[in-house]
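Take a look at the structure below.
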Amino acid sequence: MFKSVDPNVKFPQLEEEVLAWWDANNIVAKALASGEKPFVFYEGPPTANGRPGLHHTISRSFKDVILRYRSMQGYRIIGRREGWDTHGLPVEIEIEKKLGFSGKPDIERFGIAEFNRLCRESVWEYIQEWKAFTKRIAFWLSEDAYITYENDYIESTWWIFRQLWDRGLLFRDYKVTMHCPRCGTSLSDHEVSLGARDDVDDPSVYVKFRVTGFTTPPPAVDGTLNGAFLVAWTTTPWTLPANVALAVKHDAEYVEVEHQGERLVMAAALAQSVLPADSFTVLRHFRGNDLVGLRYEPLFRGVPGDGDTVDWETTYRVIADEIVSLDDGTGIVHIAPAYGDLEVGRKHGLPTLFSVGLDGKVLPQFSELGFAGKFFKEADPDITRNLKARGLLLRSGRVRHYYPFCWRCGTPLLYYAKRSWYIRTTAFKADLVANNQQIHWVPEHIRDGRFGNWLENNIDWAISRERYWGTPIPIWTNADGSHMVCIGSLAELEAKVGRSLRDLDLHRPYIDEVVWEDPQHGLMRRIPDVADCWFDSGSMPVAQWHYPFEHREIFEMAHPADYICEAVDQTRGWFYTLHAVSTLLFDRPAFKNVICLGHILDEHGIKMSKSKGNVIEPEEVISAYGVDALRWYLFTAAPPGNARRFSMALVSESMRKFLLTLWNTYAFFVTYANLDQWQPNNGRTAELQPIDRWALAALNQLVQQVTAAFEDYDVYTAANAIEHFVDELSNWYVRRNRRRFWKSEGDADKEAAYQTLYTCLVTVAKLAAPFTPFVSEVMYRNLVAERDPSAPESVHLARWPQVDQTLLDPQLVADTEALLTAVSLGRAARKQANLKVRQPLSELWLRASTTSVLNGVRRFEAELRDELNVKAVRYLDASSTVVEYRLKPNLRLVGKKFGKLVPALTAALRDLSGAAARAAAQAVEAGQPLRLPVDGQDVELLPDEVLVESSAPEGYAVAEADGMLVALNTTVTEELRLEGAARDLVRYVQDARKSAGLAISDRIHLFLNSADETGLLTATLARYRDYISSETLSVELTVGNPPADAYTETDEFGDGMVTVGIVKATV
RNA sequence: GGGCGUAUAGCUCAGCAGGUUAGAGCGCGAUCCUGAUAAGAUCGAGGUCGGUGGUUCGAGUCCACCUACGCCCA
């Protein structure tokens, strides 16, 4: 006996029971240890200082589904372990917030040791929730986690640094980075984008630079512009003291104009927008190139960087550069390399001058001007006032534009040329691009689109952060920076300092205390920087195994990964850092297959965020519908790469549509199997009916499809194929075969039905196991494992189903499709004629677009008659004269062949009618070519190239689709009417039995009465009394009013009503 | 400003070597079927397939431009 199945299943509760069983039987550990051939997975590490959300559910579900599939195929999954990302600015900012800090000085005062201790603790703040979440969503990972802050992990990243160092790929340079003066650090591009706004109100000033002369060789304009003003535009007056040059567009047209007694120079195209109309007259025209080499009087003297010597001869001149655009401004661009134009400065040999320090305050050198020490944005008005007083301000106003802010603290950022450490990834651009070509991306467009594009525009990776909680960069230097070493292992460092460092925490500040005296170069100290935390996660293929210090063989087997999966925002994040580290170190990709997920939006298409209050917690969904429903929704609702709108209602729909359908089919099977005491492998013979063969053919086709889709990492297609099959299994196979299960004879036909349905359910349970691990487990346990001690105890330890080639039958599947189309058309025709299916009809005419479709229907004619309740099916061919034929070209074929002739050809075919059309239809049906004149030409059409349609025969109800036509004879004879009436009565009684709460096997005393339609009732009973009695298990049938204690219903009958009364019979 | 993606029914989404009447599910209304079903079937209302132009005998599908949104970059 199977365990009985509750049709009112509560999935969340069911899932809790499964979780308990997995625990009690150690299933997770067994699954993790199973398999032989390796399949390598990399877990992208989250940080546990925030709660798990829906976006974690989707990525973890897509990770899990592939791993379960591979595991069922007998693979041993390598790297199926937790990983935690623990370093980085976000962690530090959390702690700063808690302590009420406002920048690095606060941290230094507080003490780095204590600060880092708090950071280390805080990354585990929600670890319990993460553990519970991971378990509840059935994401199976070993708890043997890799943790990026552990010494072993850090040591591996040091090894990587050393590899890069030895190959000259680590370098130090000025580089403009986005700098947050409050946090005191550079921000990654990723971080900058988080805080940028495009509606920032800033000053907009037009500034005049007085021309004083020219360089050698002289510009084309020579000295004629001496005393004139070059007009430049800026929204950052605070950068003006750092100005070193003015740039023009080399081929653009410039003008010298007379304006209020002064001569001004700007781009011709922009003069109108800079100066009021009619306020100026154009004196002369130049090309941009003509101006190159002019010298001008600086507005202020900028301050050279520490240790830099400046050749002032190179400054304060006009250059030409591509960065100049004529979209806005004046066509003359103020260049301040320190605050953004470093590349331009370098190209033209300009020095880098500063006006503002790293703290965001104007340098003390400007104290005599009155704005030294002011925060840079607050210095803007002072600088503008100063210029105005000196007559160097043409115009000032305000503008709304894009400006970046620190994503955590909201402070305006500055572009700032700082000395930082870089990895020279640009040297490997070609390799990065080539290795990317080996990766299978889902969706495909990411490879050459977003990711490929990003690689094409590769820039060197800024790797250093002037922060505290991170992997310390293992570079030690002497005081003047003339000697540097990169340490690649703990042992190497121990050798340098001559003591054991085994118990040392490798983080700051402890690592900073590790110094040694170099006999030639003096005291060696570590540089203060820590690594970009993306470097940590990108190093995980190496560092998770403590390679090369340990586990060399695992690493070598486990690189590259067969599969990873994260959301699309990781293209510039983890996907890139993995790829970059792998390419630079090993010249191969880090992963072979990747599913790149779209984001989950709320039901209005807006990103979920705490501040908007539109966040749906996974727990809310899971407790309402269960994990299987949520997972199934995530797999089937949209292709994985698409952004998706999420709502509870959609998960509920997913549950009803798939899980409940599957569950009810399963419940049906178990109910009857138990009544019949049916067991699998019982040795009885089965006589398979065509519909059984169809189910098995469709099932094996499904196995084939799902397997192929999985091999292509196409989870969406795989899941939807299963959903489609389950729908057909339930709504066609089971519905059509109910009587075979409940009939009393235990013959070979019944055995065939049981075997077929059993096979389908067991196979579907296995196919669905990677997607919906809980319900699959329940079904498999009850149907297989609890009956058969030799079977694996869990569906997740079972083997993936194999295709039985002998059962595949594409013809049978196609024929059934044809049948289903015919059934659907027949119902449509009935609806049109307002004839319910219970009313039998005499005949149905059918014609199909092709003979093979027609034969398909013919094969299942009995089913068609039964489904549509008709006595006979007749087939229309071109010889029948009851219908009018219409002909159309098969455009798909004809279009290519006849091109421009198509419209005329279509018209010529359409114009055929009557006998001509019938003759043409007959020719096509007989496989003969059709000749007809088109546009004066004699055209020959092959039979395939013509589509034949037909009108409805007279007096028939007709429905038509895809070339198939079904026509019902709508004449209801008296005989048919009585049969229909009998079926009505049976239906009413069955309904009444159900409403009265009778058991299926209860016998009844039936009362029927019909005041208005006595004639019909009498006539019906005269003919169908026995049929009605036996169908409804009536031991007695009385015409007349039921007794008072009877259960009574009244229904429509003929043109009147009938009263149905039932009393349970005592047998 | 640039790149990538998305835009199809009230909602969630399919569709595409360019081809005949643009689909599914949900929701709504109606009818039907049903002794597994919270199910199913049929019909109906509901579509300028984001917009404009182009290529073509023919464009939701290809091309160009534009708009909105998302992500990423500057």
Side-chain angles (χ1 to χ4, degrees), chain A residues 5 7-9 189-190 192-193 196 325 327 402 404 443 445-446 448-454 456-457 459 567-569 571-573 598-599 601 603 605-607 633 636-639 641-647 649-650 652-657 659-672 716 720 723 727 730-732 734-735 738-739 741-742 823-832 834-838 867 869 888-896 898-906 947 949 959-963 987 990-991 993-994 998-1001 1031-1033:
Chain A
V5 176
N8 296 313
V9 61
D189 302 333
H190 173 72
V192 171
S193 68
S325 94
D327 294 342
Y402 169 97
H445 62 76
I446 305 277
D448 295 321
R450 181 179 289 218
F451 195 67
N453 224 280
W454 163 249
E456 291 289 347
N457 298 311
I459 50 166
V568 63
D569 51 273
T571 33
R572 268 75 165 176
H599 287 129
L601 309 172
E603 54 188 321
I606 296 163
K607 193 175 171 171
Y633 159 78
T636 55
N642 290 12
R644 59 184 75 211
R645 298 185 178 200
F646 184 89
S647 71
L650 291 167
S652 157
E653 184 186 324
S654 187
M655 175 193 69
R656 287 200 310 270
K657 194 160 169 262
L659 289 182
L660 278 174
T661 307
L662 178 61
W663 187 261
N664 286 320
T665 309
Y666 161 65
F668 170 88
F669 170 82
V670 168
T671 304
Y672 286 95
Y716 173 79
N720 278 292
E723 183 164 298
D727 181 65
S730 168
N731 290 311
W732 184 248
V734 173
R735 187 163 65 77
R738 268 183 298 226
R739 280 177 186 269
F741 289 94
W742 76 58
V823 166
S824 158
L825 289 171
R827 290 208 184 101
R830 274 189 171 270
K831 170 70 194 174
Q832 258 176 52
N834 203 16
L835 287 163
K836 56 191 174 187
V837 177
R838 278 206 302 271
E867 272 295 302
N869 197 15
K888 286 160 111 176
N890 186 345
L891 288 172
R892 195 183 280 267
L893 301 175
V894 162
K896 284 238 160 58
F898 294 102
K900 296 195 180 195
L901 211 55
V902 167
L905 182 65
T906 307
L947 299 172
E949 293 178 351
E960 194 176 6
D962 298 330
R987 172 93 286 276
Q990 302 291 30
D991 261 357
R993 287 180 59 109
K994 203 173 179 181
L998 296 186
I1000 293 172
S1001 55
E1031 282 294 308
T1032 60
L1033 298 186

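What's counted below: heavy atoms across the whole structure, side chains too, no hydrogens, waters or symmetry copies. Since this is a predicted model, take the numbers as computed values, not measurements. Within every chain, numbering begins at 1; the chains are lettered A, B, ... in the order of the sequence lines, protein sequences first and strands thereafter.
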With sugar-phosphate meaning primed atoms plus P, OP1 and OP2, does [X] contact a base, only sugar-phosphate, or nothing at under 4.0 Å between heavy atoms?
X        : result
A:Lys888 : base
A:Thr665 : base
A:Asp991 : nothing
A:Pro443 : nothing
A:Ala667 : nothing

The side chain of [X] is closest to which nucleotide in this list: [options]?
X        : options                : answer
A:Glu653 : B:rG25, B:rC57, B:rA14 : B:rG25
A:Asn890 : B:rC57, B:rU20, B:rC4  : B:rU20
A:Asp569 : B:rA14, B:rC71, B:rU12 : B:rC71
A:Arg645 : B:rC13, B:rC72, B:rG25 : B:rC13
A:Gln990 : B:rA14, B:rG35, B:rU20 : B:rG35
A:Arg656 : B:rG27, B:rA14, B:rA36 : B:rG27
A:Val568 : B:rU20, B:rC71, B:rC13 : B:rC71
A:Asn664 : B:rC13, B:rU37, B:rC72 : B:rU37

[N] versus [M] - spacing of their [atom1] atoms, nearest Å:
N      : M      : atom1 : answer
B:rG53 : B:rG40 : C1'   : 47 Å
B:rA39 : B:rC28 : P     : 11 Å
B:rC26 : B:rC63 : C1'   : 36 Å
B:rG15 : B:rA74 : C1'   : 36 Å
B:rU55 : B:rU61 : C1'   : 14 Å
B:rA22 : B:rA14 : C1'   : 11 Å
B:rA17 : B:rA36 : P     : 42 Å
B:rC11 : B:rU48 : P     : 12 Å

Short side-chain to backbone donor-acceptor contact, [X] and [Y], under 3.5 Å:
X        : Y         : value
A:Arg993 : A:Thr1032 : yes
A:Asn890 : A:Leu947  : no
A:Asn720 : A:Tyr716  : yes
A:Ser654 : A:Leu650  : no
A:Arg450 : A:Ile446  : no

Partner nucleotide of [N] by Watson-Crick or wobble geometry (both distances under 3.5 Å):
N      : value
B:rG40 : B:rC32
B:rC62 : B:rG54
B:rC49 : none
B:rU21 : none
B:rC4  : B:rG70
B:rA14 : none

Is there a side-chain polar atom (N or O) of [X] under 4.0 Å from OP1 or OP2 of [N]?
X        : N      : result
A:Arg738 : B:rA36 : yes
A:Arg892 : B:rU20 : no
A:Asn642 : B:rA14 : yes
A:Arg735 : B:rA41 : no
A:Tyr672 : B:rA36 : yes
A:Ser647 : B:rC11 : no

Could you check how far [atom1] of [X] sits from [atom2] of [N], rounded to whole Å?
X        : N      : atom1 : atom2 : value
A:Arg450 : B:rG2  : CZ    : P     : 17 Å
A:Leu901 : B:rG58 : CG    : P     : 14 Å
A:Glu867 : B:rC33 : CD    : P     : 13 Å
A:Arg838 : B:rU42 : CZ    : P     : 18 Å
A:Trp454 : B:rG2  : CH2   : C1'   : 13 Å
A:Asn720 : B:rG23 : CG    : C1'   : 14 Å
A:Glu723 : B:rA14 : CD    : C1'   : 13 Å
A:Trp732 : B:rC33 : CH2   : P     : 17 Å

Could you walk me through whether A:Thr636 and A:Lys657 satisfy the side chain to side chain contact (heavy atoms under 4.5 Å, CB included) test, starting with their C-alpha distance in whole Å, then the side-chain angles of each, then the deciding distance to 0.1 Å, before giving a yes or no?
CA-CA 11 Å; A:Thr636 55; A:Lys657 194 160 169 262; over 6 Å; no
Do the side chains of A:Trp454 and A:Thr571 get nearer than 4.5 Å, heavy atoms only?
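Not in contact.
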With nearest nucleotide decided by heavy atoms, which residue, A:Val823 or A:Arg987, maps closer to the 5′ end of RNA chain B?
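Its nearest nucleotide lies further toward 5', so the answer is A:Arg987.
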Please figure out whether A:His599 or A:Ala637 has its closest RNA chain B nucleotide nearer the 5' end.
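Comparing both residues, the 5'-ward one is A:Ala637.
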Per the atom types in the model, does the base of B:rA36 pair as donor or acceptor with the side chain of A:Ser730 at under 3.5 Å?
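Under the 3.5 Å cut-off, the side chain and the base do form a donor-acceptor pair.
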Hey, can you tell me if A:Phe741 and A:Tyr672 have their rings parallel, tilted or perpendicular (30° and 60° cut-offs)?
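Taking A:Tyr672 first and then A:Phe741, their aromatic rings sit tilted (interplane angle of 30° to 60°).
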Evaluate the ring-ring contact (aromatic ring centres under 6.0 Å, His included) criterion for residues A:Trp663 and A:Tyr666: first the C-alpha distance (whole Å), next the side-chain angles of each, then the deciding distance (0.1 Å), finally the verdict.
CA-CA 5 Å; A:Trp663 187 261; A:Tyr666 161 65; 5.1 Å; yes
